[in-house]
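Predicted, not measured: the structure shown is a model, and the values here were computed from it. Order of the sequence lines sets the chain letters (A, B, ...), proteins ahead of strands, with each chain counted from 1.
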There are 2 protein chains.
Amino acid sequence: MDRRTPVEDETGQRIVPEAIRRTSRPAEHHAGNRYGNRPTMKDVAARAGVGLKTVSRVVNGEPGVTPDTERRVQEAIDALGFRRNDSARVLRKGRTASIGLVLEDLSDPFYGPLSRAVEEVARAHGTLLFNGSSAEDPEREQELALALCARRVDGLVVIPAGDDHRYLEPEIKAGVATVFVDRPAGRIDADVVLSDNYGGARDGVAHLIAHGHRRIGFIGDMPGIHTAEERLRGYRAAMEDAGIPVEDAWMSLGVTDPERVRRAAEEMLRGPAPVTAIFAGNNRVTVTVIRVLAGQTRQVALVGFDDIELADLLQPGVTVVAQDAAALGRTAAERLFRQLDGSLVTPERVELPTRLITRGSGELPPAD
Amino acid sequence: MDRRTPVEDETGQRIVPEAIRRTSRPAEHHAGNRYGNRPTMKDVAARAGVGLKTVSRVVNGEPGVTPDTERRVQEAIDALGFRRNDSARVLRKGRTASIGLVLEDLSDPFYGPLSRAVEEVARAHGTLLFNGSSAEDPEREQELALALCARRVDGLVVIPAGDDHRYLEPEIKAGVATVFVDRPAGRIDADVVLSDNYGGARDGVAHLIAHGHRRIGFIGDMPGIHTAEERLRGYRAAMEDAGIPVEDAWMSLGVTDPERVRRAAEEMLRGPAPVTAIFAGNNRVTVTVIRVLAGQTRQVALVGFDDIELADLLQPGVTVVAQDAAALGRTAAERLFRQLDGSLVTPERVELPTRLITRGSGELPPAD
DNA sequence: CGCGCTCATGACAACGTTGTCCAGGCTCTA
DNA sequence: TAGAGCCTGGACAACGTTGTCATGAGCGCG
């Protein structure tokens, strides 16, 4: 590992001292300029014996500089380790070449690919990405979005936690391109990119019905959340299309933490006329339901909204209605940049299709 | 869905026009100030009939303003929709209250929680987080890191893709706090937070040996990657400790894409003396190996490095050496802020322990 | 040979904010 | 009532960069 003696601290971390830095940091920190003596264009100019503006020209690759002068300037830049201060540049130019992404929780496997997709589009436009998690808290969403606006991001991609986004009106008016993803914006006209939650859920439930099920349970998120509402609506529509009256005992809403999902599922599976199939309203619910079903003797069919990793390796494989998270992110980001270059003016609502992936659990026959 | 007629475009997206915005954006965009007529403190001051600095005081909650004046200023702020321009603030103050995170791939489930943990610590320090994926490309890592430095982030958390980070030396000298995570920095003295890859792999392999295995395969990433090297070293150490000579046919290195992992695994399982257990070097390898083993008639034991979701629901459950991605991120971010407040001066190397989670696949007896 | 043209270069202001410093009005006390 | 001290408010410079414009040298051409 390391030849020096390791010390074990209270948390079990092994800490090994490295060589001391040549220059101690704090001293540098408190002395001199705020950026720790960072050279500016002025310094470079002085060293190269040229004017300030000439340095600016070289740094930005503008024409009108003799090769000889350019060489002198470049040498000074390298010698001083100069790096342009983009804060000042932004102040002057007005564009920050950065956009913000406000999502719910970066550690949710659904948002990783979405964020990555946004980043790739941003990168293609020479733009950096700020990231922030709202943790499903409307206040935190607003705080984050406004903090990003204060940083003068050129645009915002928002996965709404709240249902009132009027606070963004002045920003949008001031030119901040804005796209909402996954859930629609509240009380404001704006670009929206969604999955077809209604259609996806309807198809998933219809799939169960097609395999002979009539008593089908639905476990989903709070009705206040748009996606949850749409999926419930899809469930109801599929049932109605098949002429099956839905019983209250089959529906569990606003249930999201594993313990309550577990109880809800177990309840549906009890009694004289238990459900023979369950439609799970999102990936977290699906995972918990799988756990519950694994402990049951009777076979219960399952279709989940959102794909989950390794779903194909379980016994049986988990049938899901999959959204394309990357496509959501990509579409949103592309629309954002089209707003920025002026080619997109009218706010629209885009719905991406979902895909039913059959793997076994949704094709089990009813076991009454 | 929507009562207006949906139009289906070539990609199957359904597009529904929304109401036209009251003010058309592009016109606003090209006319007037660069920020689309954003009010400044000067505007607020004029409207409130006070001095510029007084507005600044109110905005920043500084003392020395009568309640009456403060009210007038606040009214003007609300009326104009003023939002402080942090770019200018940064230029003046020198601290951006933002840090950068350069990681490999945000859509990898290992990095989501890590990123989220960094964000939480940042948030606790009133700091925003830039995110960027290097896609395992050293050049792109450097490009990203330097772009973040040009934005004058206060600090950088880097998950190295390359093995030479001397390009960051001027930045570190200039006061950019820097912490490397998951893999050590190359050719530079810096703070590093790692998992105990060597110890974890050794424990995992020793676990297999303790269950009677002697012919144990190892499938891992390129030897150039630090974590892969350490894990291989752990494998060798465990084997040596048990007095088992390792055969070349048992090791497959530099193999990471599913197809080649599949071939490597199948090869190890062929022949007169096939391996009876496999140690998988990372989460992606583990998943592919699980797929291969699912197709085998003979039972083969498996221990994987990195935990994977739903590992407990498979048959058998997958035994893994788990790293705590969130702890890595949290530790790194905390050290970064300790650098910033000056309480951390000497670069150190911190190693976080791993945890062996037994779920069945690692406890299968050898089937020769 | 001189005129005007091109081109490299630099001086200067401006971007929007905050830190410093000073002015003027108030209160309190001797 | 005068002087000291405090409190509120504002004028001004500075942060590092870029856009505008002026300057002066070099050069071609009549």
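Donor-acceptor pairing under 3.5 Å, judged by distance alone, is present between the side chain of A/Lys53 and the base of D/dG19. A donor N or O paired with an acceptor N or O is not found under 3.5 Å between the base of C/dG19 and the side-chain atoms of B/Lys93.
Rounded to an integer number of Å, the gap from B/Asp68 CG to D/dC7 P is 19 Å. When the C1' atom of C/dG16 is taken as reference, atom CZ of A/Arg151 falls 15 Å away, rounded to whole Å. Atom pair B/Leu52:CG and C/dG16:P shows a separation of 11 Å (rounding to whole Å applied). Here D/dT17 presents its P atom at 10 Å from CZ of A/Arg89, a figure rounded to the nearest Å. Taking atom CZ of residue A/Arg95 and atom C1' of nucleotide D/dG19, one finds them 17 Å apart after rounding to whole Å. Separating the NZ atom of A/Lys42 from the P atom of C/dG10 is a distance of 15 Å, rounded to the nearest angstrom. A/Arg38 places its CZ atom 16 Å from the P atom of D/dC15, with the value rounded to the nearest Å. Regarding A/Asp43, its CG atom lies at a distance of 8 Å from the P atom of D/dG16, rounded to whole Å.
Residues A/Arg330 and A/Glu120 are not paired through a salt bridge, judged by the lack of any N-O separation under 4.0 Å between the basic side chain and the carboxylate. A salt bridge does not link B/Asp86 with A/Arg152: every distance from a Lys NZ or Arg NE/NH1/NH2 to an Asp or Glu carboxylate oxygen is 4.0 Å or more.
By the neighbour-count criterion of 12 heavy atoms within 6.0 Å, atom CG of A/Asp164 is densely surrounded, having more than that number from other residues, nucleotides or ligands.
No contact: A/Asp86 has no heavy atom under 4.0 Å from any strand.
OP1 or OP2 of D/dT18 sits under 4.0 Å from a side-chain N or O of A/Ser56. Taking only side-chain nitrogens and oxygens, B/Asn60 comes nearer than 4.0 Å to OP1 or OP2 of C/dT18. Of the side-chain N and O atoms in B/Arg92, none sit less than 4.0 angstrom from OP1 or OP2 of D/dA14.
Side chains of B/Arg84 and B/Asn60: a donor-acceptor N/O pair is present below 3.5 angstrom, by distance only. Of the N and O atoms on the side chains of B/Ser134 and B/Glu104, not one donor lies less than 3.5 Å from an acceptor on the other residue. With hydrogens and angles left out, the side-chain atoms of A/Thr96 and A/Asp154 include a donor and acceptor closer than 3.5 Å.
Partners of B/Glu141 according to the salt bridge (Lys or Arg N to Asp or Glu O under 4.0 Å) rule, which considers only residues two or more places apart in sequence or in another chain, do not exist here.
Of the listed nucleotides (D/dT17, C/dC15, C/dT17), C/dT17 has the atom at the smallest distance from the side chain of B/Thr40.
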Between the protein and nucleotides 5-9 of chain C, list every N/O to N/O distance that falls short of 3.5 Å.
| from | atom 1 | to | atom 2 | distance (Å) |
| --- | --- | --- | --- | --- |
| C/dA8 | O3' | A/Thr66 | OG1 | 3.1 |
| C/dT9 | OP1 | A/Thr66 | OG1 | 2.7 |
| C/dT9 | OP1 | A/Thr69 | OG1 | 2.4 |
| C/dT9 | OP2 | A/Thr66 | N | 3.0 |
| C/dT9 | OP2 | A/Thr66 | OG1 | 3.1 |

